[in-house]
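From a predicted model like this one, the values you see are computed outputs, not experimental measurements. Note on naming: letters A, B, ... go to the chains in the order of the sequence lines (proteins, then strands), and numbering restarts at 1 for each one.
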Amino acid sequence: MYKRKKALMPALALMLVGLAVPVLAEEVAVPAVAAVAKASVEMFTINNTWMMVATFLVFIMNLGFAMVETGLCRAKNATNILFKNTVIPAIGILGFALVGFNLMYPGKFIIPGILGFAGFGIGTDAAGMTSAYNIGYTYWTDFLFQAMFAATAATIVSGAVAERVKLGSFLVFSAIYVSLVYPFVGSWTWGLGWLSKLNFHDFAGSTLVHSVGGWGALAGALVLGPRIGKYVNGKVKPIMGHNLSMVTIGVFMLWLGWFGFNGGSVLSADPGKVSFVLVTTTLAAAAGTIGAMLTSWLIQKKPDFTMVLNGCLAGLVGITAGADTVSVTASVIIGLVAGILAVLGVMFFDKLQIDDPVGALSVHLVGGVFGTLAVGVFSTNPDYTFMTQLLGVAAYGIFCFPAALLIFWILKKTIGIRVSEEEELKGLDIGEHGQEAYAGFQFFTNS
Amino acid sequence: MYKRKKALMPALALMLVGLAVPVLAEEVAVPAVAAVAKASVEMFTINNTWMMVATFLVFIMNLGFAMVETGLCRAKNATNILFKNTVIPAIGILGFALVGFNLMYPGKFIIPGILGFAGFGIGTDAAGMTSAYNIGYTYWTDFLFQAMFAATAATIVSGAVAERVKLGSFLVFSAIYVSLVYPFVGSWTWGLGWLSKLNFHDFAGSTLVHSVGGWGALAGALVLGPRIGKYVNGKVKPIMGHNLSMVTIGVFMLWLGWFGFNGGSVLSADPGKVSFVLVTTTLAAAAGTIGAMLTSWLIQKKPDFTMVLNGCLAGLVGITAGADTVSVTASVIIGLVAGILAVLGVMFFDKLQIDDPVGALSVHLVGGVFGTLAVGVFSTNPDYTFMTQLLGVAAYGIFCFPAALLIFWILKKTIGIRVSEEEELKGLDIGEHGQEAYAGFQFFTNS
Amino acid sequence: MYKRKKALMPALALMLVGLAVPVLAEEVAVPAVAAVAKASVEMFTINNTWMMVATFLVFIMNLGFAMVETGLCRAKNATNILFKNTVIPAIGILGFALVGFNLMYPGKFIIPGILGFAGFGIGTDAAGMTSAYNIGYTYWTDFLFQAMFAATAATIVSGAVAERVKLGSFLVFSAIYVSLVYPFVGSWTWGLGWLSKLNFHDFAGSTLVHSVGGWGALAGALVLGPRIGKYVNGKVKPIMGHNLSMVTIGVFMLWLGWFGFNGGSVLSADPGKVSFVLVTTTLAAAAGTIGAMLTSWLIQKKPDFTMVLNGCLAGLVGITAGADTVSVTASVIIGLVAGILAVLGVMFFDKLQIDDPVGALSVHLVGGVFGTLAVGVFSTNPDYTFMTQLLGVAAYGIFCFPAALLIFWILKKTIGIRVSEEEELKGLDIGEHGQEAYAGFQFFTNS
Amino acid sequence: MKLIIAYIQPERLNAVKQALYEKEVFRMSVTNALGCGQQKGYHETYRGADVEVNLLKKVRIEVAVNEGFVEPTVEAIIKGARTGKIGDGKIFIHSLDECIRIRTGERGKDAIG
Amino acid sequence: MKLIIAYIQPERLNAVKQALYEKEVFRMSVTNALGCGQQKGYHETYRGADVEVNLLKKVRIEVAVNEGFVEPTVEAIIKGARTGKIGDGKIFIHSLDECIRIRTGERGKDAIG
Amino acid sequence: MKLIIAYIQPERLNAVKQALYEKEVFRMSVTNALGCGQQKGYHETYRGADVEVNLLKKVRIEVAVNEGFVEPTVEAIIKGARTGKIGDGKIFIHSLDECIRIRTGERGKDAIG
Ligand SMILES: Nc1ncnc2c1ncn2[C@@H]1O[C@H](COP(=O)(O)OP(=O)(O)O)[C@@H](O)[C@H]1O
Ligand SMILES: Nc1ncnc2c1ncn2[C@@H]1O[C@H](COP(=O)(O)OP(=O)(O)O)[C@@H](O)[C@H]1O
Ligand SMILES: Nc1ncnc2c1ncn2[C@@H]1O[C@H](COP(=O)(O)OP(=O)(O)O)[C@@H](O)[C@H]1O
């Protein structure tokens, strides 16, 4: 079994890359669509520069996820979690270049509004480098910015399945989820599919990125079951994270990255639009932090730092859908509520004995759903109605959750998805990598 | 007592935010002041983009402060320090949106040149999004850039009071200091108040940000007194920081952030001005590092890494007041001297038995004062005289130090500002949060 | 001996800075060369802004190197390694300002195509701030961007000599290597020297930066010999890094920095060119990660995380020479091969018993050489032939390796370069700094 | 008075504590240790080189008890620690000449509990 | 020859060392330990779930001495470690059959000091 | 049955293990300790203040053996640990009343090995 995986994995990954090579070779020339508006070369250059900066910021979110997830888990699994969070973006970017990008932005659809595919690999003609392609960015910037988004979607799942999932199986899941599922459903809205026609508004991806990741996380947590010792005859036994300094680094990196995640989603450097989005984003993050602090202080008597950090992220996830279309005040409210929900969410999922080591469910799923619906409530643009927002949220849940369940279930039946009890006790660092993260440090653990 | 605080804090914070909401609602429309010069939309866009990037860089300084402060303190207080450094920026940003911004940039003054207030909350009309507001940035970028500055001012204090201050009380202090004190005195210079009329020059805030923070730090350290075991019958007993790797991360993040802190203070992307400021800033940081290394090597026999890191920061603080107006050579001298002063400062304050765990006093207060005066000595612009610089430095000290003393004193008399001896020994992580930062790691400590 | 060093070092450093001051004073006014093309002030501003952002990104690579190197070594040497990685950039920047910049970009040569020097210190006239100097950046941006490059070159060596080199001696080496050797050989290509005439293409420095650093690393590792206990009667005894979380932070910081390293090397914000370079860079990094993962998985049975991280960096180093001139597919292949070579390289150098704690040789030397040659194979521009690429690679090796050997040898004969066996066992943190990096943490080590 | 030293698997500590409580043994001291014995180690691989780790994580428990408590304590430790797998650990017993409670200065039997 | 084992509060270590020096006991070995006894633990709360921590940080001191030094050593430890609060710790004493200085091979009484 | 306790320099651990294996002593327990003795400490300097560190890193080894094995074990430890420099360490020996293998419940001599 284990053996088989060992063999399988390299093979699989090899395929992925192997495939990439010949195919990318085609460099499918995407004829640049006639741009809506024309822009001076200066304006195009500045727009593109901003979008590149935004791309860097989204990229660094991967470090943020790595730190948050690793820090909230035990030292004995640190290498394994860091490994996943380093390799998954790599797989995600290559997979997105190979199929994802042209699946998410097919140009024209095969099944109208639902499924399209512009061919394998990436490539463009000269026009792709001018404002003829888009006044905001070149073809290459477009791809890279979107690829970074895809990479983050995959890493969200990783948190909820941490400390027990088999490395190989999870890499396979991620490859599929990020190269196929994410772009396919993404095309419904950002690829100008059926949901965009209905005016479903998800500015930067509360739903398309975060709840899509969140649904995958829920599926994974359910199929895997809780970590050994997390729920002992009905009671929750906390399994403490090993390094809150790392988690803090992670949260600041994510907040920083969000400036690009939301700010870049304006798709140009439009001063008014972008700076407004940055303000709502920042206020929501701050309010989320405060909201979580107060909630945890009242409920837990003492303010729980990990909850506060979750709250900050929840505020960011919450504002992501409407950062461009809600008022400053609304952004504070949205952040505040998202922060409160984050704390309640963590406790709620523990009640259900769904073991989510890092709170990915309350941050990305709950926060993402809430944020998307909030647009329906607070939007200054009447076209975005609560019902369409609800419809959108539902559509993504109805497809992604079962899809993720299916993938995990198949993996479970084939190569297996959970490490042995012995390995789980000894730690995945030794089990999966034969390598500890903190050689020399002394640990005292009875879990 | 303790109990009361517990009740008080959430209440207080709730107020803060609670207030924010209705008030922000007004979205006070600030009529955009007729811009001095006009700029092409391209130029405005690039200027604004640069200012947004600078804003991100200043933001990440908060991570820098968190890492430096936590790393230089003991592991048993790490969660608490990280907590403060995460929550304070959040409070700072919200407080600045609520009152600070309009207190610092009131437009017109109530008490001429001294006090003005443009109303609660933030908001603007369409003009605020064009170069009609300012050729360098939109109203929103303006607010966000300034809010990030405010956030840093608050976190400076945190370092000097670390490992013994009560969480709740310090949050209250920070909320007041950053929302009221900092913007009020800031208006004297950057708000075009009386000091600006006198040609007092503080380019990016050696005084307005760093020494204002430094005076607060001094007040806090004095009111609190030293940590248990720091000074034993007249001798200094070092209390070692638990993680110099973190401190290093922090210093690099701060240096990085400073490119935005100083570079952004040009308030436009003017190529010559900004790039020159970046060069003086970088050389001062480098010289500060070397200056501290040599000083510590000579005095301590072996070069003390924590001193070198302080020296790097001191160089940055020192150049902040005159980065735009001193020569390249002068920037090296300023950095060098600031670095030397940082080392001597740490030892000096220890002589006085003023316990400053992270060296905030020598870096921000000494460095800030020195840097501001240095403008009077090295400025290439004759309008900036040593006397006005001295006057400015004095003005801020005379107001901020007593103000901070008063706030801390009131808190001491009411909800108390220092944790119990037992809690201090056990660590504030357990005492204030019931949560350790490094679960599983083994520690050996007899302090 | 030891004593003498103690005396010598401050002296030396003092000289360096001491010199800097008077000399910089001259502010040698470099008359701005008539620009090839003219650019609108808007375009110049945006270009310069992009180049400043790129500069920040390259700067943060220094943090990346610090984290990777420290994390891959033992805790008992952490302070020392962090110290080096903080001080060396400072020395590098000052040294580059003092002599390096005008040695690397002399304008006209003394020995045609080989050696030129435009005088000590930096400085410019008004024209240096306009597109008259260069359409892409001001004189100041130019200097700063190049200075950051220089700083990285020096830190590369540091990794290979870690855990046994004397602090003082290594600082002297770095000062010489980065202020004299690096800029001197750099002028051959980027300073428009003889190699540039031959169409040797090294876009962003696979050879000029990375292999130059790599040759120095090789020389250092050879002169120093392996760490105690690394090779025991012919067998390799692994000496494990103490913190893979830090290494991960480092790798992400480096990857992030590389966007500026390669993207900035376009020397303007040209949308098409820059964004294309970013895509090839990203794909190579991703492919390098996968390539190393597969190789290590197959050879070591379990995927070694440190190898995967090396592979990611190797992919980046590999693409650096040709990021602008190879196809998307080629970038994937180059990254993949570089990743594979990184893993094999680590094992290869261990076979030769050349002790390189962090894999600097396989990443920077092997990766750099391979990447430069790969241009000859994959370049879409026929002018870049394999033979010239080979010639270039050889030229740099033939000069830098002996040069570095000589410097290290002289240091060995004079102030000594290796710490005592006792100090090596106790750790350089205590030996060189009298200061541990992780006070309070318990370690269990038998090496 | 006897001092009972037990080496157990780390993950059994809670079970052992539980078992001791049931036998009304409430006092103990714990340190973490590394042990090698019959249980075979595992391999770590680092940058291509392989290491056999045979010092495995264990927990060391010390319990000082009066004669009457020796057997109950031993039974409790075995109850809590035994899994039947190699590596379960060992118990060592030796006599104490004296026991002193620092706080009160009490000595002997009364100081133990 | 006796082996004296003491469990004390970590923050008392320096005081105990001082007291031992005054009694001219200069040799000792220290390990950090966790103890549970009369002293009650504290609560930690993590993500909404609550844990009672009753293994508290202690420091374990081992001092091997010759008969004559037993009482002075015990007194010194008590002097340095006593605060009167629960949790001050315990001292255990048992006899040693042999003591060997590795460096010289000396055995018995002379090897102790 | 005897319990042999040895304090050695950390970097000697592997040599000691080797030497014990050669004497067919395969079972031991190790903890890390701090020791102070004849060996003088070193100075650390932190932010201008100076500290004398005299608790030095040591490794503590415990080996329970049957009478016959005492001398071989002692010799092995000395062989592996001795460098002739101050700080090499000490060996302490005392008798055990009982030894129990948790897995099987075996007691006495058979349980040791
Ligand atoms: N003779 C001994 N001396 C010291 N420690 C021992 C001895 N025998 C066993 N131990 C400790 O007990 C642990 C378990 O012993 P082991 O032989 O691995 O399992 P088992 O006792 O089930 O055969 C060892 O890791 C070691 O810590
Ligand atoms: N019977 C015992 N066996 C082993 N260790 C003990 C025993 N009794 C006390 N200790 C150690 O002494 C420490 C202090 O004991 P405790 O009962 O809490 O305080 P006090 O001795 O003042 O009543 C405990 O934490 C434990 O480490
Ligand atoms: N009397 C003692 N009691 C407890 N531990 C001791 C005693 N004497 C020595 N040790 C331990 O042995 C170590 C080495 O002893 P030391 O006197 O420094 O070297 P040497 O034995 O070579 O003179 C000490 O650090 C300490 O851990």
Looking only at heavy atoms, what is the nearest atom pair of [X] and [Y], with distance?
X	Y	answer
Ile46(C)	Ile46(A)	CD1-CA, 3.8 Å
Pro303(C)	Glu432(A)	CD-O, 3.5 Å
Met43(C)	Glu42(A)	N-CG, 3.8 Å

> Can Tyr139(A) and Ser275(C) be counted as having a side-chain donor-acceptor contact under 3.5 angstrom?
Replying inline: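 Side-chain D/A pair, Tyr139(A) to Ser275(C): absent.
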Using side-chain heavy atoms (C-beta onward) and a distance below 4.5 Å, is [X] in contact with [Y]?
X	Y	value
Phe83(A)	Thr248(C)	no
His242(C)	Phe441(A)	yes
Leu82(A)	Ser245(C)	yes
Tyr438(A)	Leu244(C)	no
Phe443(A)	Gln442(C)	no
His433(A)	Asp304(C)	no
Thr45(A)	Asp270(C)	no

> In terms of heavy-atom proximity below 4.5 Å to chain A, should Ile249(C) be classed as side chain, backbone, both, or neither?
Replying inline: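 For Ile249(C), the contact with chain A is made by backbone and side chain together.
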>> If we check side chain to side chain contact (heavy atoms under 4.5 Å, CB included) with Pro271(C), which of these qualifies: Thr49(A), Thr141(A), Thr138(A)?
In response: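 The option that passes is Thr138(A).
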Could you give the side-chain donor-acceptor pairs of residues 54-63 of chain A under 3.5 Å, partners two or more places apart or in another chain?
residue	atom	partner	partner atom	Å
Thr55(A)	OG1	Met51(A)	O	2.7
Asn62(A)	ND2	Phe59(A)	O	3.1

